Amino acid sequence: MSDQSRAPILEALEEMKQNRLVPFDVPGHKHGKGNPDLTRFLGEQCLSVDVNSMKMLDNLCHPMSVIREAQELAAEAFGAAHAYFMVGGTTSAVQSMVLSVCKRGDKIILPRNVHRSVINIMILCGAVPVYVDPDLDRRLGIALGMKLSEVEKAVAKNPDAKAILVNNPTYYGICSNLKGITDLAHAHGMKMLVDEAHGTHFYFDRELPMSAMQAGADMAAVSMHKSGGSLTQSSFFLIGPGMSEGYVRQIINISQTTSGSYLLMSSLDISRRNLALHGQEIFDKVREMVAYARGEINQIGDYYAYSKEIVNGDSVYDFDITKLSVNTLPVGLAGIEVYDLLRDEYDIQTEFGDLGNVLAYVSVGDRPRDIERLVSALAEIRRLYRRDPNSLMTAEYINPSVVFSPQDAFYSDKQSLPLRDCENRVCAEFVMCYPPGIPILAPGELITKDILDYILYAKEKGCSMTGPEDMELTRLNVMAGT
């Protein structure tokens with residue numbers, strides 16, 4: 001076992017500062033001296049370590065010393081064969097997973113409620129999605145996980161697929177049967193990929209659901225900055241023993257910057273050390289805070305902060321009890337409306353609100369008094385703003401009809417039409433609420449009346465709609481001739 005109390009990148013940066021290095025390289029601010037306003041805002045301590053690759057600091061593209069040591073420590077901490085530092089967010093890790101196993105025309109089996117990063121990379125590489133529609137919880141208005149039996153059907157119909165991809169857990173805390181799907185993939189010669197953006201804590205708390213590496217997955221993309229405490233945009237890409245470490249690094253280097261940020265990398269190094277040494281204690285406290293909040297919110301009335309009681313052993317195989325997901329529909333308010341009220345009236349910034357739910361992301365930096373403030377605000381919102389819930393739309397996910405591959409549709413000849421004139425045409429771009437970034441429409445999918453009604457309703461409720469060329473979303477690009 002390696003010494004998890006070490007942080008090799010941090011140690012190298014501290015040594016560099018002691019050497020009083022004179023910089024004749026980039027970045028041009030020269031340890032902050034060239035940009036006083038930026039230095040005043042971020043601090044000299046920060047700007048002094050915003051440096052470029054050099055001998056004593058190693059190189060992210062071809063790590064041979066301190067970055068390599070830090071990656072080896074991360075791999076051990078997460079139970080992976082190898083780990084890579086990613087400075088382009090988990091998006092770059094997810095996309096590197098797909099590129100590592102798929103080329104143009106290769107099939108990949110996955111749920112349709114994936115993050116946009118997965119569909120984006122299929123546009124670029126030409127992989128062909130085989131969607132498994134997730135189950136729906138009509139009461140909560142959310143997509144669940146993939147049933148194992150549905151994945152088995154997809155594998156039987158597509159034995160030439162290269163991989164299966166699962167998002168685990170979902171934004172709402174829903175976990176699929178990760179071990180069962182992994183065993184199924186391997187039994188048919190397919191790789192198992194896991195978008196584990198919201199599951200960093202699974203690796204450091206034995207009370208939480210199984211992690212991707214524990215399940216035997218081949219690759220996992222882990223957002224260390226979400227629940228692990230590192231800086232925004234910093235993530236880990238983990239691989240198992242069945243993948244070539246050198247080949248995956250080549251894939252990463254196709255798109256990842258050659259100017260890796262030492263601010264981001266040192267934050268990964270320090271945060272990995274913190275979780276390796278204190279993770280169980282940290283997440284014990286997180287679970288306690290969320291359990292308390294869930295109990296208090298459910299006593300307010302109407303709100304429903306759900307947990308393991310929704311587990312059914314299949315499409316909800318397990319549940320991440322650190323996720324404080326709250327259904328707001330019985331209050332007569334859409335989740336996005338509660339989200340807006342919390343932010344605008346109570347100065348509480350939650351992670352996101354959709355049409356039926358609001359998510360408070362509780363993690364390493366939260367305090368019990370912050371939980372009390374959230375609970376009090378929700379109680380007051382119910383008292384002041386409660387309405388008849390019967391007029392609210394409940395479905396958060398509509399099963400799409402896929403007509404063309406994402407790449408063929410996105411790069412096709414396009415026609416721009418007013419939104420309401422797009423019914424029964426094939427979409428050539430994305431439409432999504434962000435967050436969570438799961439497309440309502442993706443390139444190649446049929447635009448139905450239900451989907452148009454949903455988009456217009458989401459706009460009316462104030463959801464942040466992203467993706468289309470027309471940022472006002474009054475028009476959509478459709479495939480010409482469809």
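Remember, it's a predicted structure, so these values are computed and weren't measured experimentally. One-based numbering along the sequence shown.
Judged as a side-chain contact (heavy atoms from CB on, under 4.5 Å), and not counting sequence neighbours, the contacts of Val402 are Tyr131, Glu445. Take Asp347 and apply the side-chain contact (heavy atoms from CB on, under 4.5 Å) test, not counting sequence neighbours, and it matches Arg373. Evaluation of the side-chain contact (heavy atoms from CB on, under 4.5 Å) rule for Pro111 yields Asn113, Val114, Met146, Asn167 as partners, not counting sequence neighbours.
Looking only at side-chain heavy atoms (C-beta outward), His201 and Val286 stay at 4.5 Å or farther from each other. Here the side chains of Ile181 and Ser176 are in contact, with some heavy-atom distance below 4.5 Å. At least one side-chain heavy atom of Met86 sits under 4.5 Å from a side-chain heavy atom of Gln256. Using a 4.5 Å heavy-atom threshold, the side chains of Phe204 and Ile282 count as separate. Between Pro129 and Ile119 there is no side-chain heavy-atom pair separated by less than 4.5 Å. Between Ile164 and Val155, the closest side-chain pair of non-hydrogen atoms falls below 4.5 Å. Between Phe85 and Ile9, the closest side-chain pair of non-hydrogen atoms falls below 4.5 Å.
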>> Could you go through Arg273 and Asp269, starting from their C-alpha distance and side-chain angles, then the distance that decides it, and tell me whether this counts as salt bridge (Lys or Arg N to Asp or Glu O under 4.0 Å)?
In response: CA-CA 6 Å; Arg273 180 178 67 179; Asp269 203 20; over 6 Å; no

>> Set out, in order, the CA-CA distance, both residues' side-chain angles and the distance that settles salt bridge (Lys or Arg N to Asp or Glu O under 4.0 Å) for Lys147 and Asp135, then state yes or no.
In response: CA-CA 7 Å; Lys147 286 185 175 180; Asp135 260 13; 3.7 Å; yes

> Do Ser230 and Leu264 pass the side chain to side chain contact (heavy atoms under 4.5 Å, CB included) test, and can you show the C-alpha distance, the side-chain angles, and the key distance before you say yes or no?
Replying inline: CA-CA 8 Å; Ser230 66; Leu264 298 181; over 6 Å; no

> ring-ring contact (aromatic ring centres under 6.0 Å, His included) between Phe352 and Tyr172: does it pass, once the steps are laid out?
Replying inline: CA-CA 10 Å; Phe352 81 92; Tyr172 304 95; 5.7 Å; yes

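Salt bridge status for Arg68 with Asp58: absent, with no side-chain N to carboxylate O gap under 4.0 Å. Salt bridge Arg6/Glu69: present, at least one basic N to carboxylate O contact under 4.0 Å.
By the 30° and 60° cut-offs, the orientation of the rings of Tyr361 relative to His198 is tilted.
The closest donor-acceptor contact from the side chain of Ser266 to the backbone of Leu263 lies under 3.5 Å. A donor-acceptor distance shorter than 3.5 angstrom exists from the side chain of Asn253 to the backbone of Cys61, with no hydrogens or angles considered.
Heavy atoms only, all atoms of each residue included: Phe236 and Ala74 are closest at CE2-CB, 3.7 Å.
No more than 12 heavy-atom neighbours from other residues, nucleotides or ligands sit within 6.0 angstrom of OH on Tyr317. Counting heavy-atom neighbours within 6.0 Å of Gln45 CD, excluding the residue itself, gives a total of 12 or less. Around atom NZ of Lys162, no more than 12 heavy atoms belonging to other residues, nucleotides or ligands sit under 6.0 Å away. The neighbour count for Glu469 CD, taken as heavy atoms of other residues, nucleotides or ligands under 6.0 Å away, does not exceed 12. In Lys285, the NZ atom is not crowded: 12 or fewer heavy atoms of neighbouring residues, nucleotides or ligands sit closer than 6.0 Å.
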